[in-house]
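What follows is a single structure, written as structure tokens, with notes after it.
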Amino acid sequence: MKNFARHTAAPAMALCLLATLAPQQASARSTLGWGPCPDGDGGLGMECAALRVPVDWSRPGGRKITLMLGRLAADRQGNGAVLVNFGAGAPGIMALRDHFSGSFTDLRHDMDIVTWDPRGYTNGLSTPLPCQIRSRPDPPLPRDQAGFDEIAARNRAVADECRDPDPALFDSIGSATHARDMEAIRKALGGSRLNFYMGSYGGAFGQAYARLFPHGIRTMVLDGTGNMTHPEREHLARARDSEQRMRRFVTWCASESSCVLRGRDIPRLWQAVVARANRTPLETSRGPLDGYTLQERLAAALLWAGPQPTPGPAGWLTDWPRIAEAIADADRGDGSGFAAVPGLAGPAPDIVACQDMPRHKNYAALAATLATLRRLVPNTGTGGTTAGRLGCLGYPTPVTFPGGPLPQDVPPLLGVGTWGDFPATNRVIEQVRGSVSIYHDGPGHELYISGNACVTRHVNTYFLSRALPESGTRC
């Protein structure tokens, strides 16, 4: 990952001092048998342990599966452990060992860094599914119930191919089950309140855990995550986040001589482009783009570009001057500037998300949601939301995420977010009294493991002493 906005690093000596001031957690006996990892320790001294858990937590005496855990043991014992997840699809052991161990170098002096490969992942060391649903583009939006049913049937057929060999395991891949696995890990580590670093979609695991096991938390960091607590309300909130980024872009263009749209009414121009594309999609070398797709891609381009007009990778629409040029070209009938937007290849939601996120029951519900967002957020529409995602329609397993606000007995949390991540992450954090979020006014994702030294300092202090930064802290 790229490093964003480096700041002065916190000296290791300061962290050691914090450790001496931190309330010591009660020592407890772990039931895990740590030993060599099946595929090596990466020269880091990583140890692994197997934990047996029920495939179905409602039947604890039934069939068991294996969770494989990895640990970077602390130099000095007595300050507990941090349980780490980097996001859905990322096997924790490989990710920690091969990519992100350096992010925990200072913290590891005083705390064990523990991770696990979530159940079902075919690229991890825990019990895997016998198959994998591969990413595939979302289909075009349906125009009626028949089109909706066709998409649902196609999705169901793909999912059933993966589900049929092991329905019980397939049906247990949602964040609620991962939270129960996390609680089993906490108990196996000795039963003390645990510290959690939950990055990206791992924040969904963290929110599910906070809903189900608030008394198991000592500290929890949510780094660049979405708000899972009010999914229906969150569609509109995330859409408004995209619209806010659009307004900041428009303000920049109005005062920037290099912006090709300077002096023009950009929102009015863009809405006219979208309306025309809805009637006659813009042709590009990668296929036609209708108005819905243009709005989604503009939202994604602004998200990736960040809040400054700095150059992005060649060939990608990731900086403000090129976004302005792409809008101007689209106004002339050329949509090629929006043909390649990073992060918007259209992968179908994976099996974790399909068990977490509510999905539309019929075409009327889908159309009503899209119409509402387009009316209230006229420039970016559903961009930045999952409202128009169609990969979970017809899914064979019900939604199991324990939605609703976080309990009031959750201890103060720490949120971390970039210009794209922060609003949704903060909507989770602000539900818990005494919690604080750190904002980084730039692009990126998972700042703690991306090398932001300011974030690292605040996160490590919080883990060691439970001391939070001041409200409104920026890194």
Side-chain angles (χ1 to χ4, degrees), residues 51-68 85 87-92 116-139 142 145-182 184 200-202 204-205 207-209 212 226 228 231 345-363 365-366 386-403:
L51 176 64
R52 299 287 285 174
V53 297
V55 67
D56 182 351
W57 277 103
S58 69
R59 299 177 178 177
R63 172 189 162 201
K64 300 293 193 297
I65 58 174
T66 297
L67 299 181
M68 187 64 72
N85 183 275
W116 83 106
D117 289 352
R119 62 169 66 204
Y121 286 21
T122 56
N123 54 355
L125 299 174
S126 296
T127 300
L129 283 167
C131 61
Q132 184 175 14
I133 295 182
R134 300 188 181 279
S135 296
R136 53 200 170 83
D138 261 345
Q145 184 62 42
F148 183 98
D149 292 341
E150 182 180 346
I151 293 171
R154 191 182 311 128
N155 290 342
R156 177 66 182 256
V158 171
D160 280 345
E161 288 183 7
C162 194
R163 182 178 185 269
D164 288 347
D166 194 342
L169 181 56
F170 185 95
D171 292 351
S172 74
I173 307 298
S175 291
T177 303
H178 293 307
R180 292 182 171 92
D181 289 347
M182 290 161 62
S200 191
Y201 202 88
F205 298 2
Q207 290 170 66
Y209 186 89
L212 298 172
M228 302 291 292
D350 66 20
I351 55 179
V352 179
C354 286
Q355 293 186 31
D356 286 352
M357 298 181 181
R359 43 195 182 261
H360 298 292
K361 292 181 170 52
N362 52 47
Y363 174 75
L366 171 63
T386 58
R389 291 290 175 256
L390 307 175
C392 293
L393 299 182
Y395 202 71
T397 301
V399 172
T400 57
F401 192 89

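Here the structure is a predicted model, which is why all the values come from computation and not from measurement.
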Any donor-acceptor pair under 3.5 Å linking the side chain of [X] with the backbone of [Y]?
{"X": "Thr122", "Y": "Pro128", "answer": "no"}
{"X": "Arg59", "Y": "Pro54", "answer": "no"}
{"X": "His360", "Y": "Ala387", "answer": "yes"}
{"X": "Gln207", "Y": "Gly226", "answer": "yes"}
{"X": "Ser126", "Y": "Met68", "answer": "yes"}
{"X": "Asn155", "Y": "Leu390", "answer": "yes"}

What closest approach, in Å, do [X] and [Y] show between heavy atoms, and which atom pair accounts for it?
{"X": "Ala168", "Y": "Arg63", "answer": "CB-NH1, 4.2 Å"}
{"X": "Leu67", "Y": "Asp117", "answer": "CD2-O, 4.3 Å"}
{"X": "Val352", "Y": "Ser175", "answer": "CG1-OG, 4.1 Å"}
{"X": "Gly87", "Y": "Ser200", "answer": "CA-CB, 4.3 Å"}
{"X": "Asp56", "Y": "Ser58", "answer": "OD1-OG, 2.7 Å"}
{"X": "Pro130", "Y": "Pro165", "answer": "CG-CB, 3.5 Å"}

Is there side-chain contact between Pro139 and Arg154, with at least one heavy-atom pair below 4.5 Å?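 Of all side-chain heavy-atom pairs linking Arg154 with Pro139, at least one is under 4.5 Å.
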
Is there a side-chain contact between Asn85 and Tyr201 in this structure, where contact means two heavy atoms from C-beta onward sitting under 4.5 Å apart?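 No, every pair of side-chain atoms sits at 4.5 Å or beyond.
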
Donor-acceptor pair between Ser172 and Arg119 side chains, under 3.5 angstrom: yes

Which distance, rounded to the nearest 0.5 Å, do you find between the [atom1] of [X] and the [atom2] of [Y]?
{"X": "His178", "Y": "Ile173", "atom1": "NE2", "atom2": "CD1", "result": "5.5 Å"}
{"X": "Leu366", "Y": "Ile151", "atom1": "CG", "atom2": "CD1", "result": "8.0 Å"}
{"X": "Arg163", "Y": "Ile351", "atom1": "CZ", "atom2": "CD1", "result": "11.5 Å"}
{"X": "Arg52", "Y": "Thr127", "atom1": "CZ", "atom2": "OG1", "result": "6.5 Å"}
{"X": "Asn362", "Y": "Phe148", "atom1": "CG", "atom2": "CZ", "result": "6.0 Å"}

Under 3.5 Å, sequence neighbours excluded: what are the donor-acceptor pairs made by side chains of residues 394-403?
from	atom 1	to	atom 2	distance (Å)
Thr397	OG1	Asp171	OD1	2.6
Thr400	OG1	Gln355	O	3.4

Could you check whether the rings of Trp116 and Phe205 sit parallel, tilted or perpendicular, using 30° and 60° as the cut-offs? tilted

Residue Lys64 excluded, over 12 heavy atoms near NZ under 6.0 Å: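 More than 12 heavy atoms, drawn from other residues, nucleotides or ligands, come within 6.0 Å of this atom.
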
